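For the single chain, residues carry numbers from 1 onward in sequence order. Just so you know, these numbers come straight off a predicted model, no measurement behind them.
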Amino acid sequence: MSVYVLQSSDVSLECDMEYGAGKEVVCIVRGAAQECVEGAVKRSSYADYMKVVRGDATMLYISTSVFKVGKTPGELVKELFVLLRLC
């Protein structure tokens, strides 16, 4: 299992980067309101490749089809983390 963790004093983003063809990167967002996560995804240039799911924890799913537009899921995770810290 390959886990990618980004953390600041308020927000953490933990993503399971074990993905393959047809699988999604799954992230858990902590320390940010659901509305903040949804807003950050909408502000991203690649919102069509991300989905936010409400639950006990805020879950973020990143489609691996983002490779088709020249981005990696890891790049989207970093971009989203910066946007989350601005909330």
Just jot down the side chain to side chain donor-acceptor pair (under 3.5 Å) partners of Ser65, sequence neighbours excluded, or say none. Ser63
What I'd like to find out is whether the side chain of Val25 reaches to under 4.5 Å of the side chain of Tyr4, using heavy atoms alone.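 Sidechains of Tyr4 and Val25: no contact.
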Output yes when a side-chain donor or acceptor of Thr64 lies under 3.5 Å from a complementary backbone atom of Lys23, and no otherwise. yes
Closest contact, heavy atoms only, [X] versus [Y]:
X     : Y     : value
Pro73 : Phe67 : CD-CZ, 3.5 Å
Ser12 : Gln7  : CB-CG, 4.0 Å
Tyr49 : Val69 : OH-CG1, 3.3 Å

Show every side-chain hydrogen bond (donor to acceptor under 3.5 Å, both in side chains) that has at least one partner inside residues 67-76, sequence neighbours left out.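 Listed once each, the pairs are Thr72-Glu75.
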Residue pairs involving residues 78-87 (criterion side-chain hydrogen bond (donor to acceptor under 3.5 Å, both in side chains); sequence neighbours excluded):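 Pairs touching residues 78-87 that pass the test: Ser44-Glu79.
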Is [Y] reachable from [X] through a run of I, L, V, M, F, W or Y residues, each pair having side-chain heavy atoms under 4.5 Å apart?
X     : Y     : answer
Val37 : Leu83 : no
Met17 : Leu13 : yes
Tyr46 : Val41 : yes

Rounded at 0.5 Å granularity, tell me how far CZ in Arg43 sits from OG in Ser45.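 Between atom CZ of Arg43 and atom OG of Ser45 there are 11.5 Å.
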Distance from Ile62 atom CD1 to Glu24 atom CD, nearest 0.5 Å?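 Separation between the atoms: 9.5 Å.
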Pairs involving residues 2-34, ordered by first then second residue, that meet disulfide bond (SG atoms under 2.5 Å apart) (sequence neighbours left out): Cys15-Cys27
Hydrophobic cluster of Val26, others only, ordered by chain and residue number, side-chain cut-off 4.5 Å: Ile28, Val53, Met59, Tyr61
Any salt bridge (Lys or Arg N to Asp or Glu O under 4.0 Å) pairs touching residues 5-14, not counting sequence neighbours?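 Non-adjacent pairs meeting salt bridge (Lys or Arg N to Asp or Glu O under 4.0 Å): Glu14-Arg30.
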Apply the side chain to side chain contact (heavy atoms under 4.5 Å, CB included) test between Leu80 and each candidate in Leu76, Leu84, Val77; give the one that qualifies.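 Only match with Leu80 under side chain to side chain contact (heavy atoms under 4.5 Å, CB included): Leu84.
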Using the salt bridge (Lys or Arg N to Asp or Glu O under 4.0 Å) criterion, which residues pair with Glu38? Sequence neighbours excluded. Arg54
Ala33: partners by side-chain contact (heavy atoms from CB on, under 4.5 Å), with sequence neighbours left out: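 Glu35, Cys36.
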